[in-house]
Amino acid sequence: MTGRKDATTAGAALLVAAVVGLAVAPGLEPGVQDLGTTLLVYLTVAQAWNILAGFAGQVSLGAAAFVATGAYTAGLALAHTSIGWAAAVALAGAIAGLIAAMLAVPLLRLRGDYFTIGTLAASIAVQALLTNWNWAGGASGLTLPIDRIPAGTTLLRLAVVVAAAAMGLTAYVRYSAFGLRLGALRDNEPAAAGLGVAVYGHRFATWVGSSVLTGMAGAVVAYQYVAVSPSGVASVNWSLDAVLMALVGGAGSLIGPVLGTTIVYYGLTRMLEDFQVLSLLVEGTLLVLIVRFAPAGVLALLTRAARPLRRAATLPAAGTEPA
Amino acid sequence: MSADVLVAGLLSGGLYALIGLGISLVFGVLKVMNLMHGELVLGGAYLAALLVGSAGFDPLVALPFAMLGVALIAYPLQRYLLTGLLRANGSAPMVATFGLSLVAQAALQAAFGTDPRALSAPYAQAGFTVLGVRVQAVYAISFALTVVLCGVTHLVLSRTRAGSAVRAAAADPTTASMLGINVGRVYALTLAGSAALAAAAGVMTGVAQSFTPSAGLPLLLTGFAVMALAGIGSVGGVLLGGITLGLLQSLSTAYFGGGWRNFVVYTVFFLALSFRPTGLFRRVAHA
């Protein structure tokens, strides 16, 4: 069965990449470590969005709500209790999952565009709530105890572990029967339900799973920034970046968001850091162009471009072949 | 609680209804959540700012020009870009409007800078007292404008040939196009009409409060909240939805303080959307 072979290859490649990441982390310059952490956080958030939107067809504009939940959970836990930073990351994931489960009651009643608008409203409500929550610092947010949070090598290793979890979960969705049922749901919900797919259970599992991952990424963001504020971690930019990175690379695939994160971060975020107007303009235009001309993302373009090459390679080298 | 609070809420609700009316129109006909509606509202405000600033127009005189200008920008976007995406399945059109909202933000920032602006008018800060209730003139004017525009929209949709074409395209685009209705043009006209309504709301918002190029998102969500309260495709419901939202905001500000205003709005929106997607003011049987 080629599916299982692909899955084994993907799993092995992922494991190797994670081990290499953990191993090389200490040898890197601080600037590179910081860059690596940033990229891996973006990758996690984009991949979590990809699980939800690419594989399950539920387009969310609410990633920021869970980045913020994770960041504030980790920040408040370290500021007010004596638990360690690793436990705080786990707690961030757990609280994000809990909030996702509560939001699921109203949100998962919604389909299509309604779901998207609902997630956007939930995310803005979270931002408004944090801005008014004086115990958590209100609009100016809070600063984490600097002596108790990881930095440099340790932080990068944490980011590697979190991103590996996101990639692992995506690989599971990509290759498992669960993922196949999700795809059926995405493409034709009544037909899938008629064939016995548990609609609510599958939507609930992807929604909560994606939110847990985003929450853990939020904790990493809190450690990296040291300070968290509603305008930073709850900014709608997190949701936008997740959509952009996953869509540009190719939503509904395992590798797409990896490509997309790299392309968007280097091509846009980094290069246009000091040009806010231009960066908005390019991001907006890119979104329009992608949905208009390359709805399956850069990955599909590359695959299509590579197809004639591969066919040429597998054909017998005969000069009689018509061009 | 004082009557002032209730009247202020009621009147500001008119403005919200006007924002919601355009969103509701587009969703009712095109079945697309237009995520650039907030920028269309701002576009109206900035166009009026241009006319008020350079030509010395009163904002109310600038209003029809702003409506026309934003409608002229919206028409080709729908005709040549978004309608083509409607055939693609899923969320492509909505994601495209999100992209366009970013482009519009960039354009507004480049043209007008990021400093807050406001439209100056003699009635911007003025007020009067009716039966002992304090009324802000700008909100009274915008409420009246909303009622007029809601009425016009209702009449155009129900009494004119163009309105019949819009309703036909909304109900069944395939059959409508077989009967000779140019659905692509109807869609573009619908977005243009929605943009004109948005621009009108933008001009009044600009008189009532200051605005920046990034103020589109809260405006958009206000519009969606109205639509969620009102249900889709009912002009009268939109007016009631806007007033409900205005009252809620005004009461929550009076009870909990100004900081919680937005939280209350978004939460109400979220809950209304989730538990009553058909709207509070619309009978389910009609859908």
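For clarity, every value in this text was computed on a predicted model and none was experimentally measured. Just so we're on the same page: letters track the sequence lines, and every chain starts at 1.
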**Study point:** Atom CZ of B:Arg185: over 12 foreign heavy atoms under 6.0 Å
**Key:**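 Counting neighbours around CZ of B:Arg185, 12 or fewer heavy atoms of other residues, nucleotides or ligands fall under 6.0 Å, so no.
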Point to revise | Heavy atoms of other groups near B:Tyr80 OH, more than 12 under 6.0 Å | key: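 Open.
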**Study point:** B:Met33 CE to A:Leu61 CG distance, which is reported to the nearest 0.5 Å
**Key:**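 The CG atom of A:Leu61 is 11.5 Å from CE of B:Met33, to the nearest 0.5 Å.
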Part of [X] lying under 4.5 Å from any heavy atom of chain A:
{"X": "B:Leu108", "result": "neither"}
{"X": "B:Leu100", "result": "both"}
{"X": "B:Leu82", "result": "neither"}

Review point. When you look at B:Thr97 and A:Val288, which way does the side-chain contact (heavy atoms from CB on, under 4.5 Å) test go after all the steps?
Key: CA-CA 8 Å; B:Thr97 61; A:Val288 174; over 6 Å; no
Can you say whether [X] sits under 4.5 Å from chain B via the side chain, the backbone, both, or neither, judging by heavy atoms?
{"X": "A:Val282", "answer": "neither"}
{"X": "A:Leu289", "answer": "neither"}
{"X": "A:Thr116", "answer": "side chain"}

Review point. Which heavy atom in A:Ala125 sits nearest to a heavy atom in B:Phe263, and how many Å separate them?
Key: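 Looks like O-CD1, 3.3 Å.
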Exercise for review: Begin from the C-alpha positions of A:Tyr114 and B:Phe224 and carry the test ring pair (Phe, Tyr, Trp, His ring centres under 6.0 Å) through to its verdict.
Suggested key: CA-CA 10 Å; A:Tyr114 281 104; B:Phe224 278 130; 9.3 Å; no
Check your understanding: With side chains defined as the heavy atoms from C-beta onward, is the minimum distance between A:Arg292 and B:Leu85 less than 4.5 Å?
Key ->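 Side-chain contact under 4.5 Å: yes.
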